[in-house]
Amino acid sequence: MSGKTPSSGEVVKAAGCVLWRHSPIDGELELCLVHRPRYDDWSWPKGKLKRDEEPLTGALREVAEETGYTATPGAPLPTTRYLAHGHPKEVTYWSAEATTGTFTPNDEVDRILWLRPSEARQRATQEHDRALVDALLSTLNRA
């Protein structure tokens, strides 16, 4: 959408990742949620696609911008569809393993949390974000 306001029927296209890693402390699976102060919510790193941007490219760009981490993409996860500020929104997701990086707070994301899957499911603000925990666990064969 790159800066323009969508018309009432136009679907806002976005992409993101359920970012995961093995804990540096005990090796257990951890998922990364981002806190957006503008909305005071906890969600997966995601954002609107730039003009002509491929969804996976956009998803990995958003992970880097919002978390400071580079990631290796994995299996596609379910696409979520919902109304955001009165406009239909469609977010395409992938699983992605965090490789390297360091989080630096910014205006868009002021905090990140690495949580066990059950904790991430509870902390995620939106129900559609909670459902992605199970989808990720299925792709990682940890359900």
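Throughout, numbering of the chain's residues begins at 1 and tracks the sequence.
Trp42 and Phe103 are members of different hydrophobic clusters when ILVMFWY side chains are connected at heavy-atom separations under 4.5 Å. Residue Leu31 is grouped with residue Leu113 when hydrophobic side chains (ILVMFWY) are merged at heavy-atom distances under 4.5 angstrom, including chains of intermediate members.
Residue pairs meeting the ring pair (Phe, Tyr, Trp, His ring centres under 6.0 Å) criterion with at least one partner in residues 104-127, sequence neighbours excluded, are Tyr69-Trp114.
Remark: the Thr100 side chain and the Thr70 side chain contain an N/O donor-acceptor pair separated by less than 3.5 Å.
At distances below 3.5 Å, not a single donor-acceptor pair connects side-chain atoms of Thr92 with backbone N or O atoms of Ala15. A donor-acceptor pair is defined here as one N or O able to donate and one able to accept, closer than 3.5 Å; no such pair exists between the side chain of Ser23 and the backbone of Glu28.
No more than 12 heavy-atom neighbours from other residues, nucleotides or ligands sit within 6.0 angstrom of CD1 on Ile25. Atom CG of Asp107 has 12 or fewer neighbouring heavy atoms from other residues, nucleotides or ligands inside a 6.0 Å radius.
The shortest non-hydrogen separation linking Glu62 to Pro45 is O-CB, 4.4 Å. Nearest heavy atoms, Pro55 versus Trp94: CB-CH2, 3.5 Å. Nearest heavy-atom pair across Leu83 and Pro88 is CD2-N, 3.6 Å. Considering all non-hydrogen atoms of both residues, Pro73 and Leu56 come closest at CB-CD1, 3.8 Å. The two atoms that bring Tyr82 and Val91 nearest to each other are OH-CG2, 3.6 Å, heavy atoms only. Across all non-hydrogen atoms, the minimal contact from Leu49 to Gly58 is CD2-CA, 3.9 Å.
Here CZ of Arg81 is found 5.0 Å from OG1 of Thr79. Values are rounded to the nearest 0.5 Å. Here Leu140 contributes atom CG and Ser95 contributes atom OG; the two are 6.0 Å apart, rounded to the nearest 0.5 Å. The structure places OG1 of Thr80 at 6.5 Å from CG of Leu132, a figure rounded to the nearest 0.5 Å. A distance of 6.0 Å separates CD of Glu97 from OG1 of Thr72, quoted to the nearest 0.5 Å.
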- [ ] Test side chain to side chain contact (heavy atoms under 4.5 Å, CB included) on Val63 and Glu65 and set out the steps.
- [x] CA-CA 6 Å; Val63 165; Glu65 288 176 3; over 6 Å; no

TODO: Assess whether side chain to side chain contact (heavy atoms under 4.5 Å, CB included) is satisfied between Ile112 and Glu66, documenting all intermediate values.
DONE: CA-CA 9 Å; Ile112 67 171; Glu66 293 187 1; over 6 Å; no

Task: Asp110/Arg36 under salt bridge (charged side-chain N to carboxylate O under 4.0 Å, His left out): CA gap, chis, key distance, verdict - done: CA-CA 6 Å; Asp110 62 351; Arg36 302 179 305 166; over 6 Å; no

Open item on the list: Walk me through whether Thr67 and Leu19 qualify under side chain to side chain contact (heavy atoms under 4.5 Å, CB included).
Closed with: CA-CA 9 Å; Thr67 70; Leu19 187 64; 3.9 Å; yes

Open item on the list: Could you walk me through whether Trp20 and Glu30 satisfy the side chain to side chain contact (heavy atoms under 4.5 Å, CB included) test, starting with their C-alpha distance in whole Å, then the side-chain angles of each, then the deciding distance to 0.1 Å, before giving a yes or no?
Closed with: CA-CA 6 Å; Trp20 63 274; Glu30 294 180 328; over 6 Å; no

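Taking the six-membered ring for Trp and the full ring otherwise, the centers of Tyr93 and His128 sit at least 6.0 Å from each other.
Between Glu127 and Arg130 there is a salt bridge, since a side-chain N of the basic residue sits under 4.0 Å from a carboxylate O of the acidic one.
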